Each structure stands twice: as structure tokens, then as C-alpha cells.
Enquirer: 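To start, I am sharing the structure in question, which I have written as C-alpha cells.
Here the structure is a predicted model, which is why all the values come from computation and not from measurement. Order of the sequence lines fixes the chain letters, A, B, ..., with proteins taken first and strands second; residue numbering starts at 1 for each chain.
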Amino acid sequence: MTVEGIALVVPGDNVDTDVMYPGAFLNIEDPEAMAPHLFEGFDPSLRERLTGETILVVGENFGIGSSREHVPIAMKANGVRGVVGRSFARIFFRNCMNLGLAAVACPDAVDAARDGSAIAIDPSGVVVVDGRRFPVPAAPALLTELAEAGGLVAWTERELESR
Amino acid sequence: MRPGDVVTVRCDVVMANDVSGPVAFRAMEKMGATAVFDPSRVVMVADHFVPAKDAKSAELQARLKDWSRAHGVAFYGQGRGGIEHTLLCEEGWIVPGAVVAGGDSHTCTYGALGAFGTGLGSTDIASCLALGRFWQRVPETIVVELTGSLGPFVAGKDVILAVLGRIGVGGGTNAVLEFAGPGAEALTIDERLAVANMAVEAGSETGLFAADATTEEYVRDRARFPWAADRTDEDAEVRERLAIDLAALEPLVALPHLPGNVAPVSEAAGVRVDQVYIGNCANGTLTDLRQAASILRGRQVHPDTRAIVVPATQAIWRAAAAEGLLDVFAEAGAMVSTPTCGACFGGSNGALAPGENAVTTTNRNFRGRMGSPEASVYLANAWVAAAAAVAGELVHPRTLG
Ligand code: SF4
């Protein structure tokens, strides 16, 4: 399923999960209640620019640090549809895959994107930015399976049912 | 199986805490899972907001306990546990060769005991609880060859800071850091814990020490599971090799706001210090407390500086009390806390005001990690942190009068 949206550039490299969702708010477990704290320690004004069809455009090693899933959960709760980055920190990338939030590493697409660019993430291995197509390496089979299921919750549910 | 392949890995132990656990339980319910894969291999630890800082935190801890009781799994609450990673090693949950899935990024600490411990998010943990396995990209290997032995005022913390200074916060991505050589064998378990703990700060999956006689001695009387030491395959591909001579290291600090901004403490000397925090899963061990006490014994914390000491577990707290260390801290004017994650992640128990500087033995100095985004955190070993408490500024411990 192709994910389409409008670019919002999150500037900088090594943006960590602490600034995106500070520790003081980790005592919250309801996604709707997490949403208002996204980007709190980084740039809270970014939150106001999330349109419900946003695709975040991010730098190198995005999402370093804590494993807190509150970050991608709060992104989804704010209507973020996907993330295109130069590269991702391991656990953040996992969390996106598991939550069914499209995350693709594609430096050329990041270079081409501006705030407001129209972006499409095509799971067959292409990121489209304002009509320009940028190929990305095909995802390993298991990750494709996960994406097709819509994330790890549905994938695990299916595994349990097939027992 | 080659690096880059994505495979599923069986878990020997699954762990979560008062922050990651409740979020995982919600996901598990959505998966339709009603039981855990093996209750004897699941452990829950309340440590982040312990003792509860407010009603919401108390609710999370209650949920963690109730869920643990309902599923028949181990639960460590306040007064009986401590910070998860130090605690799980101490309590024999971690054995060489085990695969440990932890709902916390510093699960990489278990590499100190030769286990593949790796940090996962809550949905991953939910799936591990239900199925007993998780997906994993086969990592590459970075070998860190250690020679020599640690000099005065140099600790395990400086070894990993030296690695971070060389490869940076992204340099270990998609790789395991493997510590080898005579210098690695010479490190105690507490020093190895400090080193492995910050592997994730390089972006690595885990930081591994091959199990040896030191590991065997530590694990022997605690192990909850049978174990056999795994060795890295002789023909394993190595992506990169680093060599570090421990004898040539000096005390280091990570400057604000990234663990990879590493400099010798002498280069940062003179920075005013408002708070010192000695604790956390990396450096709240008895070794750290002894190092700090050796500096604070007979000295006073600077009148303009606050010092907080947080033994990582209840057992360490008691051992420190029995050795008289807690009294050394109290007499010097430091505050001694009960075991907790506390201010390490800005949860409670010592947050920083705007414009303040802190020297901590923790593992992250991201902007806002310990409170105000306008505060600055310097990461260092326990000697350096204690010396900063006395001097009221960053100093090389050897320069204290
Ligand atoms: S002590 Fe700090 S780094 Fe360690 S588990 Fe707790 S919050 Fe995380």
C-alpha cells in the first residue's frame, strides 16, 4: 500500500527520542494523551504544523537513544503517515515497522524534499518526491510481510491464530 | 545466515519495566494473546518512576505488579529490586549465551556477561511475551581490542567513552561491539557492565564480552538457567577493528549534548558544576560507590553543589551501608537515594534547572534528558563525578588537595 503525504522537514542529525518525547511524560500509556507531548524538548511548534497527512523528512541516525515507543505512537496519534530519512537508529526503526508506520532510508529523497513537497512511499521500492522517483533497496522478506500485515500486532495475531 | 538478513530469534528471557511494560500489555491484548510463552522466563521490574512520583506513575507500577501476578511471572517492586539491568545480572537472570529481549535500550548491558541482550520497543516486547521470539537483522561485528590495564582514576566508563569518541553515536549501527584481548579479560564484571551498557550509545545492538573465568565466577552461584559459553565463530566477518591501550587512557567526559562528544577531563576543567549524580544502570555498582567514597571520605561537597548518590540495587545499597560508604556520602553532604532510575532520564529525584551544569555517571546527556532543555550534562566516571562535587567544578581527580 503506497503511503502519500506532505513533507515536514525535521532539521538536524542524531535527533534523539528524549527531545522528541521527554522522560517526564513516560508515565502516560494512552496514545491520545501522548500526542500533545511530541517534539516537546525539540521544537514544540513542529506539532502545530502536523496536518494529519504529514510525512516527516529527517536526517542521519534519526531516533537515537531510548527505546520509548511513545515517540512513534505520538507521531501516529498526531496523524504522521510516514518518515523518510537519511538513516535511522535501530530501535526507532524497529518501532516504526512494528507499529505499521512507514519508515524509509533514502538520502536522495531527503535532499530533494522541502517543506510542503508531495511525497509517496511505494513499498515496491520507490520514494517519489514532487514527481521525482528515487529507488530504495528492496526490504527483506520478513519486513515486507510485516508491512503488509500492517505491523507486528496483526502479524503476531496471525501467528497465534495459525497455531 | 549473513549480516543484513532478517531472521527470527528465540528469547531466553523477556524483561520490561514500569514504562515499557504497560504499553506492551495493551499491544499484547490487541494481539489476542492471553498467556505468555513461558512464565519462568519473564521478569518485570518497577524502576523508572520508583518510588512513584505521582498518581499516574503509581498506577503504572500497580498495573505492572497486577499483570505479573496474573501471568505468574517474576516481579521486582520497590524495596526488593533496583535498576533493571544491574538487578537482572545480580539476580542470575542473565547467563552467558542467553538471548535477552528487554523493553529498554540499555538491555545491551547483558553483553558484559556474554549474553546477547538487546533493547526493543513495547510492541516488540508484546510479541516476545506472546511468541517467545523477535525479528532481528543479523548484525555485523566491530572488534574492540583492549590491551594494558586501567591507570589511576580511569574506569570502565572511560573505555566506552573512548570508543564513542572514536566512532561517534552512529558508528556502531547494525553491528555488535565485541570487546576482546587481554585488556578485556582483565576488567572486572562491574567495569564490563559499564562498558557494555553504552554500546547502544554507538547505535550498536549490544556490547559483548566473551564469557571467561571472571564471568563464570560471577554467574556460578546465581544462574537461574543452565548455560554454556558461546564463542564468536572463528570465521565471523569483522567490519572494523579498533585498538585501545587501557594504560594510555585518561579520565574522559562526554560534553553536552551527545555521548559521542568526548574529551579528556582536563580539557573541560573549570566548568562550574551545580549537581553531581552518581548512579544509573551503568555506574551505580559497588565499584562506583567505592570509587566515589574514596574521593569523598574526609572531604565535603562544595557548598554551591548538590550531590546525589543512587546505589543501583537494594543489594548494592545494603553492601554500601555495611561498608560504611553511605555514611561517607552523608557526612560529606551528599544525598543518598533509594535505588531508582530517577533523574537519570529526568523522571524524578534530581531534575536540573535552566542554565545548570551536572556531572553524572549516567549514559545519556541529550538536551533535556535530566530536566530543563537549557541544562547541560557531562558524563564521567565516579571518581571524576565525586571530585567535581568536592571542587564545585570539573577537575581531574588527581588535582584535589
Ligand atoms: S538507569 Fe537510566 S539508562 Fe538505566 S534503565 Fe534507568 S533510565 Fe534507563
Enquirer: Check whether A:Ile91 gets within reach of chain B through its side chain, its backbone, both or neither, counting any heavy atom under 4.5 Å.
Expert: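 For A:Ile91, the side chain is the part near chain B, not the backbone.
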Enquirer: Does any backbone or side-chain atom of A:Asn98 lie under 4.5 Å from a heavy atom of chain B? Answer side chain, backbone, both or neither.
Expert: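 Answer is both: backbone and side chain atoms of A:Asn98 are under 4.5 Å from chain B.
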Enquirer: Quick check on the structure: residues of residues 51-63 of chain B within a heavy-atom distance below 4.5 Å of chain A, by number.
Expert: B:Lys53, B:Asp54, B:Lys56, B:Ser57, B:Leu60, B:Arg63
Enquirer: Who pairs with A:Ala102 by side-chain contact (heavy atoms from CB on, under 4.5 Å), at least two apart in sequence or on another chain?
Expert: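 Scan of A:Ala102 (side-chain contact (heavy atoms from CB on, under 4.5 Å), adjacent residues dropped) gives A:Val3, A:Ile121.
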Enquirer: Rounded to the nearest 0.5 Å, how far apart are CG of A:Leu99 and OG1 of B:Thr123?
Expert: 4.5 Å
Enquirer: Within residues 367-379 of chain B, which positions have a heavy-atom distance to chain A below 4.5 Å?
Expert: B:Arg367, B:Arg369
Enquirer: Taking A:Ile64, A:Asn14, A:Leu26 one by one, which has the highest count of heavy-atom pairs under 4.5 Å against chain B?
Expert: A:Leu26
Enquirer: Is it the backbone or the side chain of A:Phe93 that comes under 4.5 Å from a heavy atom of chain B, or both, or neither?
Expert: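 Contact with chain B involves the side chain of A:Phe93 alone.
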Enquirer: Quick one: what part of B:Ala126 sits under 4.5 Å from any heavy atom of chain A, side chain, backbone, both or neither?
Expert: neither
Enquirer: For the candidates A:Ala24, A:Gly65, A:Pro22, A:Gly41, which exhibits the highest count of non-hydrogen atom pairs separated by less than 4.5 Å from chain B?
Expert: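 Looking at each of A:Ala24, A:Gly65, A:Pro22, A:Gly41 in turn, A:Gly65 comes out on top.
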Enquirer: Side chain, backbone, both or neither: which part of A:Ala89 has a non-hydrogen atom closer than 4.5 Å to chain B?
Expert: neither
Enquirer: Can you name the residues that form a side chain to side chain donor-acceptor pair (under 3.5 Å) with B:Arg133, not counting sequence neighbours?
Expert: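 Scan of B:Arg133 (side chain to side chain donor-acceptor pair (under 3.5 Å), adjacent residues dropped) gives A:Glu159.
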Enquirer: Using only atom types and a distance under 3.5 Å, with no angle test, would you say the side chain of A:Asn27 pairs donor to acceptor with the backbone of B:Phe49?
Expert: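 Checked: no pair found.
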Enquirer: Tell me, for A:Phe42 versus chain B, whether the close heavy atoms (under 4.5 Å) come from the side chain, the backbone, both or neither.
Expert: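 For A:Phe42, neither part sits under 4.5 Å from chain B.
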Enquirer: Decide yes or no for B:His257 and A:Asp16: does some side-chain heavy atom of the first lie under 4.5 Å from some side-chain heavy atom of the second?
Expert: no
Enquirer: Would you say B:Leu120 and A:Arg90 make side-chain contact, with heavy atoms under 4.5 Å?
Expert: yes
Enquirer: Once rounded to the nearest 0.5 Å, what's the spacing between atom OG of A:Ser67 and atom CD1 of B:Ile125?
Expert: 8.0 Å
Enquirer: Over all heavy atoms of both residues, which pair between A:Arg94 and B:Trp135 is shortest? Give the atoms and the distance, please.
Expert: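 Shortest heavy-atom contact: NH2-O, 2.6 Å.
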Enquirer: A:Leu160 and B:Met31: which non-hydrogen atoms are nearest, and at how many Å?
Expert: CD1-O, 3.7 Å
Enquirer: Heavy-atom distances under 4.5 Å only: say whether A:Glu157 touches chain B with side chain, backbone, both or neither.
Expert: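 Looking at A:Glu157, backbone and side chain both touch chain B.
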Enquirer: Does any heavy atom of chain B fall under 4.5 Å from the side chain of A:Asp13, the backbone, both, or neither of them?
Expert: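 For A:Asp13, neither part sits under 4.5 Å from chain B.
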Enquirer: Go through the steps for B:Val19 and A:Arg68 under the test side-chain contact (heavy atoms from CB on, under 4.5 Å), then give the verdict.
Expert: CA-CA 8 Å; B:Val19 166; A:Arg68 58 191 68 168; 5.6 Å; no
Enquirer: Atom CZ in B:Phe25, atom CD in A:Glu29: separation rounded to 0.5 Å?
Expert: 9.5 Å
Enquirer: Is it the case that more than 12 heavy atoms not belonging to B:Arg239 sit under 6.0 Å from its CZ atom?
Expert: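 Buried by this count: over 12 neighbours within 6.0 Å.
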Enquirer: Check whether any side-chain heavy atom of A:Arg163 sits under 4.5 Å from a side-chain heavy atom of B:Leu131, and report yes or no.
Expert: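 Answer yes - side chains close enough.
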